Undergrad: 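Before I ask anything, let me first share the structure, which is written out below as structure tokens.
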Amino acid sequence: MSDAPLPLPPSSLRLTVNADALGANWRALDGMSRPGRAGAAVKADAYGLGVDACVPVLRDAGCREFFVAHWSEVASVAAHVPAQQIAVLHGPQNEADCAYARALGAVPVINSLEQARLWTATGGGQCHLMLDTGINRLGIGPSEAGDPAIAALDIDILMSHLASADETTAMNRIQAELLAEAAQSISHHRLSLANSAGIALGPDFACDLTRPGLALYGGVPRAELAATIRPVVRVEARILQCRRIAPGEGVGYNAAFIAGSHMRVGTVSIGYADGFLRQRGPGNALIHDGRMLPILGKVSMDMVVVDLAAAPDLAAGDWVTVPWEINDAVQQKGLSAYEMLTLVGARLRRV
Ligand SMILES: *Cc1c(COP(=O)(O)O)cnc(C)c1O
């Protein structure tokens with residue numbers, strides 16, 4: 001018996017990450033980050049698109065700083081870049097986290113005086129520091145900047161996070177000023193503030209390093225980025241089976257669709273477990289070559305049924321496009337572009 005893993009047969013579901021667009025988006029955001037440089041937020045499996053598909057592209061484009069949220073996310077990124085380039089935003093919660101950080105060489109983001117003391121007590125070493133300038137999520141407050149626990153740290157990046165960078169509000173400048181003020185008393189090498197939307201706020205927000213996530217993957221959080229950012233994601237699924245149904249027959253759970261005439265329908269291999277949520281059911285369509293294939297009945301966990309009237313040539317095995325326009329309010333169905341990306345199911349990334 002061979003130890004080589006058995007290769008998977010062809011999938012009926014695929015996510016295509018447009019590497020050219022992803023690389024171009026990073027380079028554009030990096031250019032807009034001058035006088036600083038751009039890093040990349042790759043948490044949540046690169047916003048649902050897959051670390052293995054995205055991190056090598058970002059690395060080859062020139063990215064040298066990668067941000068994840070959990071310690072469990074470090075290893076998959078470290079398969080592509082040096083661990084020293086990976087920052088963990090949640091920081092160390094306990095000694096096990098500190099030991100893991102040191103064993104791998106990944107850099108913790110310190111978010112509190114407790115985390116600062118823990119990191120120092122377990123041996124210290126280079127870290128980043130999050131300053132909370134108003135989002136009230138993670139980070140030390142400006143009033144804690146003078147604490148001895150902070151003075152004891154070896155801080156590379158002093159960072160803060162904008163709460164409303166996607167809006168034009170006075171809060172953005174207030175946060176930038178609070179960070180600049182704290183930077184005078186906290187010893188550090190580099191300063192970082194802007195996420196994707198923050199980059200569009202201009203050079204005053206770029207500091208030494210920006211941390212775009214959403215816009216890398218095609219999201220447009222501010223109109224200033226619309227002309228620059230290219231779509232990255234494409235989702236397709238195969239027709240598993242075609243069938244003919246007669247007037248009065250129902251489709252799917254609870255027969256939520258009842259045929260009014262003879263129809264040819266196709267069962268497509270994508271469902272809510274893949275992030276194709278049930279609110280994308282009736283009233284929406286899948287697409288083949290510009291032809292709309294309206295969705296019939298409820299979306300199941302692994303399947304959805306479409307009307308093939310517009311595409312009588314389609315048969316089992318054919319691919320259809322599942323619209324995933326993350327900036328389109330109609331397709332968003334009340335979800336944000338962030339949610340549309342991160343709910344892309346794991347089965348799509350396995351191919
Ligand atoms: C997720 C995250 C980012 C990236 O934000 P986008 O809006 O996706 O560009 C940057 N910084 C921190 C601290 C984050 O948590």
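We count ligands from 1, going down the list as the structure has it; atoms in each ligand are counted the same way. Here the structure is a predicted model, which means the values were calculated and not measured. Numbers here are sequence positions counted from 1.
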Undergrad: Could you tell me if any non-hydrogen atom of M159 lies under 4.0 Å from any atom of ligand 1?
TA: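 No, M159 has no heavy atom closer than 4.0 Å to ligand 1.
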Undergrad: With a 6.0 Å cut-off (strictly less than), is the heavy-atom count around CZ of R34, excluding the residue itself, greater than 12?
TA: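 Yes.
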Undergrad: Heavy-atom contacts under 4.0 Å between F67 and ligand 1: side chain, backbone, both, or neither?
TA: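 The answer is neither; F67 stays 4.0 Å or more away.
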Undergrad: With a 3.5 Å cut-off and no angle check, do the side chains of Q115 and R117 form a donor-acceptor pair?
TA: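 Looking only at side-chain atoms, R117 and Q115 do not form any donor-acceptor pair under 3.5 Å.
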Undergrad: Show which atoms of ligand 1 fall inside a sub-4.0 Å distance from at least one heavy-atom site of R137.
TA: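 This gives 15 (O) as the contact atoms.
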Undergrad: Check whether W324 forms a cation-pi arrangement with R234 (NZ or CZ under 6.0 Å from the six-membered ring centre, at most 45° off the ring normal).
TA: no
Undergrad: Do I86 and V57 belong together in a cluster built from hydrophobic side chains that touch within less than 4.5 Å?
TA: yes
Undergrad: Identify, by atom number and element, the atoms of ligand 1 in contact range of Y47, meaning under 4.0 Å from any of its heavy atoms.
TA: 1 (C), 4 (C), 5 (O), 6 (P), 8 (O)
Undergrad: Quick one: do the H161 and R211 side chains pair a donor with an acceptor below 3.5 Å?
TA: yes
Undergrad: Which atoms of ligand 1 sit under 4.0 Å from any heavy atom of P212?
TA: 9 (O)
Undergrad: What protein heavy atom sits nearest atom 2 (C) of ligand 1, and how far off is it?
TA: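 The protein heavy atom lying closest is K43 NZ, 2.4 Å.
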Undergrad: At under 4.0 Å between heavy atoms, is it the side chain or the backbone of R211 that contacts ligand 1, or both, or neither?
TA: both
Undergrad: Regarding ligand 1, does A197 bring an N or O atom to under 3.5 Å of one of the ligand's N or O atoms?
TA: no
Undergrad: So which protein heavy atom does atom 5 (O) of ligand 1 come closest to, and at what separation?
TA: N195 CB, 3.4 Å
Undergrad: Take the angle between the ring planes of Y100 and W71 and call it parallel below 30°, perpendicular above 60°, tilted in between.
TA: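 Rings of Y100 and W71: perpendicular, as their planes differ by over 60°.
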Undergrad: Do S336 and E339 meet the criterion of a side-chain donor-acceptor pair at a distance under 3.5 Å?
TA: yes
Undergrad: May I ask you to list the atoms of ligand 1 that are less than 4.0 angstrom from any heavy atom of M130?
TA: 13 (C)
Undergrad: Look at atom 7 (O) of ligand 1 and say which protein heavy atom is nearest, naming residue and atom and giving the distance to 0.1 Å.
TA: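 Minimum-distance protein heavy atom for atom 7 (O) of ligand 1 reads Y338 OH, 2.5 Å.
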Undergrad: With heavy-atom distances below 4.0 Å as the criterion, list the atoms of ligand 1 near L214.
TA: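 Counting atoms of ligand 1 from 1, those under 4.0 Å from L214 are 6 (P), 8 (O), 9 (O).
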Undergrad: Are R59 and W26 in a cation-pi setup, meaning NZ or CZ lies under 6.0 angstrom from the ring centre and within 45 degrees of the ring axis?
TA: no
Undergrad: What is the closest protein heavy atom to atom 9 (O) of ligand 1, and at what distance does it sit?
TA: S196 OG, 2.5 Å
Undergrad: Side-chain donor-acceptor pair under 3.5 Å between T122 and R102, yes or no?
TA: yes
Undergrad: Give yes or no for whether the N/O distance cutoff of 3.5 Å, strictly under, is met between A41 and ligand 1.
TA: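 No; every N/O pair is 3.5 Å or more apart.
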